[in-house]
Q: 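The structure's right below; bear with me while I get my questions together.
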Number of protein chains: 2
Amino acid sequence: MPSLVERFSSYPRQGCFDEKRDLILREAARLFVERGVHETALSDLADRFSISKPALYHYARSKDDIIAQILHKASEDNRRIVAEVRQLPGTGRERFLMAARAYGKALNTEFGRCLATIQPSTFSKATLELHTRTHRILLDGLAEVIEEGIRDKSLRRCQPKIVVLALLNAMNAVVRWHRPGGALSHEAVIEEIIDYFIEGIAARPK
Amino acid sequence: MPSLVERFSSYPRQGCFDEKRDLILREAARLFVERGVHETALSDLADRFSISKPALYHYARSKDDIIAQILHKASEDNRRIVAEVRQLPGTGRERFLMAARAYGKALNTEFGRCLATIQPSTFSKATLELHTRTHRILLDGLAEVIEEGIRDKSLRRCQPKIVVLALLNAMNAVVRWHRPGGALSHEAVIEEIIDYFIEGIAARPK
DNA sequence: CAAACTACTTACCGTTTGGTAGATTGTCAA
DNA sequence: TTGACAATCTACCAAACGGTAAGTAGTTTG
């Protein structure tokens with residue numbers, strides 16, 4: 001599979017605006033995860049595609065706009081997860097498992113990894129507000145599923161919001177410490193973590 | 001209780017070098033957690049104590065040295081936790097609980113919070129190496145306790161390293177999302193999270 | 001008192017970085 | 001062919017920041 005950079009230069013000079021922007025955003029997300037936002041200069045990003053720094057300003061209004069666009073793409077996945085889990089049949093426990101797996105999968109993309117590792121202190125005020133609002137949707141959506149699990153007795157009594165925050169952050173951190181190529185794949189690690197949590201809040205036979 | 005800033009100016013002009021440095025490091029740690037490392041200029045830190053920026057260079061050789069000193073103080077706590085848990089009696093499960101609680105307590109200090117939230121991408125190469133090495137000690141120490149719990153049958157079969165990483169990161173994240181003054185204290189939140197994990201990996205009666 | 005030292009100060013420097021102005025090149029439609 | 005537009009370039013700027021040079025109060029010591 002050709003790298004993002006190779007695919008960029010294979011595009012014609014004109015047209016393909018959306019595709020090129022997507023490649024730039026994905027490479028930016030990769031660099032932000034790898035080195036951090038402040039350690040990634042726009043000239044670094046431009047160099048990766050062998051274009052000049054001002055050329056980036058055709059695809060984004062500012063550095064913060066790059067971040068905002070990345071967050072927007074990533075949070076769309078999260079919105080979708082919440083929307084889908086609402087329509088899923090089954091017990092609260094089963095649906096929570098499905099939602100957690102979906103989140104783990106979305107996490108394993110450039111945008112997902114960036115959303116998981118980026119520090120809100122690097123956001124502008126407007127971007128921070130947007131991020132907070134969309135993050136709330138995910139948290140509330142998942143906590144709701146746990147509450148249903150408690151009601152239908154598939155899960156024990158617990159603090160749904162704390163469970164969700166703990167699980168999401170434990171999964172997010174995988175992006176920081178897990179390096180592919182080892183004994184366990186990203187999916188396997190995610191599955192393990194979900195398993196510990198579900199077991200931890202599962203209803204117990206008396 | 002007087003703030004760090006107030007305590008600084010109450011000291012005499014001379015003497016009290018160690019105390020003053022400690023206050024500066026703690027305030028730096030607070031700012032790093034609140035705004036991030038790159039968003040905290042040394043002049044910001046100096047302003048908090050109403051001193052000039054070069055005055056800071058009496059207490060640290062560089063900005064990275066400030067970070068390194070903070071990390072050193074925080075990792076001393078972690079070393080102590082590992083050393084103490086090795087000498088503790090009881091099952092693996094009981095000892096893991098104690099170690100996790102001790103970590104949660106150390107987390108609720110300026111240096112602990114900083115260690116938990118700071119991004120390694122902001123470290124210099126030397127500081128990163130130091131951090132990686134001391135972090136390993138904590139991870140290995142805790143994983144070892146879980147392995148003993150599996151052997152003594154107080155814990156079920158699981159992946160000790162993944163459990164430790166998931167738990168520590170779930171706890172670290174509390175620093176980012178928990179705001180004191182709500183319904184639950186820091187300690188209560190930590191206790192909840194530990195409980196989910198211990199239940200998640202506890203041995204089951206057949 | 002005077003030397004020596006601690007704990008600062010003001011003024012400054014070099015570098016990096018996000019962002020802009022304005023010219024230029026390639027492409028397509030009329 | 002030519003006008004219009006998309007895409008990109010070179011050159012540049014202002015601001016911020018880490019860090020340094022050199023000098024100066026206050027304090028202790030002989």
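If you're wondering where the values come from, they're calculated on a predicted model, not measured in any experiment. Side-chain atoms are counted along with the backbone in the values below, which use heavy atoms only and exclude waters and symmetry mates. Here is the naming used below: chain letters follow the sequence lines, and residue numbers restart at 1 for every chain.
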Q: Parallel, tilted or perpendicular for B:Phe8 and B:Tyr59, by the 30°/60° rule?
A: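 Taking B:Tyr59 first and then B:Phe8, their aromatic rings stand perpendicular (interplane angle over 60°).
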Q: What is the distance, to the nearest angstrom, from the OH atom on B:Tyr59 to the C1' atom on D:dG19?
A: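 About 18 Å, once rounded to whole Å.
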Q: Please list all pairs meeting side-chain hydrogen bond (donor to acceptor under 3.5 Å, both in side chains) that have one or both residues in residues 126-137 of chain B, counting only residues at least two apart or in different chains.
A: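 Checked against side-chain hydrogen bond (donor to acceptor under 3.5 Å, both in side chains) - neighbours excluded - the pairs reaching residues 126-137 of chain B are B:Asp64-B:Thr127, B:Ser124-B:Thr127.
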Q: Picking from B:Ile51, B:Leu25, B:Leu56, what satisfies side-chain contact (heavy atoms from CB on, under 4.5 Å) with B:Leu45?
A: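 In the set B:Ile51, B:Leu25, B:Leu56, the residue that makes a side-chain contact (heavy atoms from CB on, under 4.5 Å) with B:Leu45 is B:Leu56.
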Q: May I ask you to check whether over 12 heavy atoms, not counting those of A:His72, lie within 6.0 Å of atom NE2?
A: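 It does not: A:His72 NE2 has 12 such atoms or fewer within range.
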Q: Through what angle, rounded to 10 degrees, does the axis of the helix from C:dC1-D:dG30 to C:dA30-D:dT1 turn between its ends, using five pairs per end?
A: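 The end-segment axes of the helix from C:dC1-D:dG30 to C:dA30-D:dT1 are tilted 10° relative to each other.
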Q: In whole angstrom, give the distance that lies between atom CZ of A:Arg21 and atom P of D:dA7.
A: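 It is 11 Å, rounded to the nearest whole Å.
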Q: Anything under 3.5 Å between a protein N or O and an N or O of nucleotides 16-19 of chain C, put it in a table, one pair a line.
A:
from	atom 1	to	atom 2	distance (Å)
C:dG18	OP1	A:Lys63	NZ	2.6
C:dG18	OP2	A:Leu42	N	3.0
C:dG18	N7	A:Lys53	NZ	2.8
C:dG19	OP2	A:Tyr57	OH	3.1
C:dG19	OP2	A:Lys63	N	2.7
C:dG19	O5'	A:Tyr57	OH	3.4
C:dG19	N7	A:Lys53	NZ	3.2
C:dG19	O6	A:Lys53	NZ	2.9

Q: When rounded to the nearest 0.5 angstrom, what distance separates CZ in B:Arg86 from CD1 in B:Ile81?
A: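 The CD1 atom of B:Ile81 is 12.5 Å from CZ of B:Arg86, to the nearest 0.5 Å.
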Q: Under the ring-ring contact (aromatic ring centres under 6.0 Å, His included) rule, collect the residues that match up with B:Phe32, sequence neighbours excluded.
A: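 So B:Phe32 forms no ring-ring contact (aromatic ring centres under 6.0 Å, His included) with any residue.
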Q: Give the rounded distance in Å between these two atoms: CZ of B:Phe49 and C1' of C:dT9.
A: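 So the CZ-C1' distance, B:Phe49 to C:dT9, works out to 18 Å.
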Q: Could you tell me how far apart B:Ile51 (CD1) and D:dG26 (P) are, to the nearest whole angstrom?
A: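 In whole Å, D:dG26 P and B:Ile51 CD1 are 17 Å from each other.
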Q: Can you list, in residue-number order, the parts of residues 22-36 of chain B that come under 4.0 Å of DNA chain D, counting heavy atoms only?
A: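 Heavy-atom cutoff 4.0 Å gives no residues at all.
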Q: Measure the OG1-CD distance between A:Thr40 and A:Glu34 for me, rounded to the nearest 0.5 Å.
A: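 The distance works out to 8.0 Å.
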Q: What is the distance, rounded to the nearest whole Å, between atom CD of B:Glu19 and atom P of C:dA7?
A: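 Distance check: B:Glu19 CD to C:dA7 P gives 11 Å.
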Q: Counting distance only, does the side-chain N/O of B:Arg95 pair as donor-acceptor with the main-chain N or O of B:Gly90 below 3.5 Å?
A: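 No, B:Arg95 side chain to B:Gly90 backbone: no donor-acceptor pair under 3.5 Å.
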Q: My understanding is that only residues two or more places apart in sequence, or in another chain, count here; which of them pass salt bridge (charged side-chain N to carboxylate O under 4.0 Å, His left out) with B:Glu19?
A: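 None.
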Q: Check whether more than 12 heavy atoms from other residues, nucleotides or ligands sit under 6.0 Å from atom CZ of B:Arg79, and answer yes or no.
A: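 No, CZ of B:Arg79 has 12 or fewer neighbouring heavy atoms, counting only those of other groups under 6.0 Å.
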Q: Rounded to the nearest angstrom, tell me the gap between atom CZ in B:Phe17 and atom P in C:dA7.
A: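 Going from B:Phe17 (CZ) to C:dA7 (P), I get 7 Å.
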Q: Of the nucleotides D:dA7, D:dC9, C:dA7, which has the atom closest to the A:Ser52 side chain?
A: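 Nearest nucleotide to the side chain: D:dC9.
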Q: Working note: B:Phe197 + B:Phe96, criterion ring pair (Phe, Tyr, Trp, His ring centres under 6.0 Å); need CA distance, chi angles, decisive distance, verdict.
A: CA-CA 10 Å; B:Phe197 269 89; B:Phe96 184 65; 8.2 Å; no
Q: Over how many whole Å does the gap from B:Leu56 atom CG to C:dC8 atom P extend?
A: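 After rounding, the gap between these two atoms is 10 Å.
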Q: Identify whether any heavy atom of A:Ala55 sits under 4.0 Å from a base atom; if not, whether one sits that close to sugar-phosphate; answer base, sugar-phosphate or nothing.
A: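 Contact class for A:Ala55: sugar-phosphate only.
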